[in-house]
Amino acid sequence: RPPGRGPKAGRRVMGSRPEPELDEIYREIILDHYRRPRNRGLVPDATVSAEGVNPICGDQLTLTLRLEGDTIAAVGFKGSGCAISQSSASLMTEAIRQRRLSDAARLKRAFEAMMIEGAAPTAELGDLEALQGVRKLPARVKCALLAWKVLGEALTERQGAATVTTEAEDDRSPAKG
């Protein structure tokens, strides 16, 4: 029998790689957000801003938020870097816009758990699950996490400006730069 034509063709084996079609969908989501980033540009009347850099690969990101009470009323970013860092920022801004600060913090923890600890993605992550495959490339995990580290700093600051780097933390991620 030719490969892929037997009785088990099309079945997934527990623990096997995702179907190629799923990989392609995830790749398309990442490329779409890189080519057509959502919320690109700084929020002119921002109440919080934070910056971050990944010195290993040169990714840079500035994140601005306009808070209204405990809600992220507007969010924007500008930056430069690889497709993973910029897509992650775009996907993140889509996910946190119009959310309460506590929801954004919970989403940040869920994303970091998926990327650092290998936790299964929660339904709340939505399209952010597309970045899960980056975990297979340890040197790129920091690229995906940059926007989230900047968000964490912004949520901590809540007023004014802050700067963060992917190298400043105790480095729990599998990426060793």
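Gln132 and Ala119 get closest at one heavy-atom pair: NE2-O, 4.3 Å. Across every non-hydrogen atom of Ala89 and Leu61, the tightest pair is CB-CD1, 3.7 Å. Smallest separation of non-hydrogen atoms from Gly79 and Arg40: O-NH2, 2.7 Å. Taking all atoms of both residues into account, the shortest heavy-atom contact from Gly76 to Val43 is N-CG2, 3.4 Å. Of all heavy-atom pairs spanning Arg36 and Arg38, the tightest one is O-NH1, 2.6 Å. Taking each heavy atom of Val150 and Ala50 in turn, the nearest pair found is CG1-O, 3.5 Å.
Remark: side-chain polar atoms of Ser87 are paired, donor with acceptor, to backbone N or O of Ala83 under 3.5 angstrom.
For Lys108, the salt bridge (charged side-chain N to carboxylate O under 4.0 Å, His left out) partners at least two apart in sequence or on another chain are Glu112.
Side-chain contact between Phe77 and Gln86 is present, with heavy atoms from C-beta onward closer than 4.5 Å. Side-chain contact between Val53 and Asp59: absent, with no pair of heavy atoms (C-beta onward) separated by less than 4.5 Å. For the pair Ile96 and Val75, the minimum side-chain heavy-atom distance is below 4.5 Å. Using a 4.5 Å heavy-atom cutoff, the side chains of Leu63 and Thr93 are in contact. With contacts defined as side-chain heavy-atom distances shorter than 4.5 Å, the pair Leu125/Phe111 qualifies. Here the side chains of Tyr34 and Ile84 are not in contact, with every heavy-atom distance at 4.5 Å or above. Gln98 has its side chain out of reach of Ile72: every pair of non-hydrogen atoms, C-beta onward, lies at least 4.5 Å apart. Residues Lys142 and Arg140 form no side-chain contact, since every pair of their non-hydrogen atoms from C-beta on lies 4.5 Å or further apart.
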(message) Quick one, Arg106 with Glu124, criterion side-chain contact (heavy atoms from CB on, under 4.5 Å). Give me CA distance, side-chain angles, the key distance, then yes/no.
(response) CA-CA 10 Å; Arg106 187 177 63 248; Glu124 184 179 35; 2.9 Å; yes
Chi angles and distances behind the side chain to side chain donor-acceptor pair (under 3.5 Å) call for His33, Ser90: CA-CA 6 Å; His33 276 266; Ser90 176; 2.6 Å; yes
Open item on the list: Go through it in stages, so that I can follow the logic: the residues are Leu42 and Thr62, the test is side-chain contact (heavy atoms from CB on, under 4.5 Å), and I'd like the CA-CA distance, side-chain angles, deciding distance and then a yes or no.
Closed with: CA-CA 8 Å; Leu42 302 179; Thr62 301; 3.9 Å; yes
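The structure places CE of Met115 at 10.0 Å from CG of Leu128, a figure rounded to the nearest 0.5 Å. Between the CG atom in Leu65 and the OG1 atom in Thr71 there is a gap of 12.0 Å [rounded to 0.5 Å].
When the shell of 6.0 Å around CZ of Arg100 is examined, it contains 12 or fewer heavy atoms from other residues, nucleotides or ligands.
Of the options Val134, Leu131, Ile30, a side-chain contact (heavy atoms from CB on, under 4.5 Å) to Ser88 is made by Leu131 and by none of the others.
Residue Leu146 is grouped with residue Leu155 when hydrophobic side chains (ILVMFWY) are merged at heavy-atom distances under 4.5 angstrom, including chains of intermediate members.
Checked for salt-bridge contact, Asp70 and Arg99 miss the test: no charged N lies under 4.0 Å from a carboxylate O.
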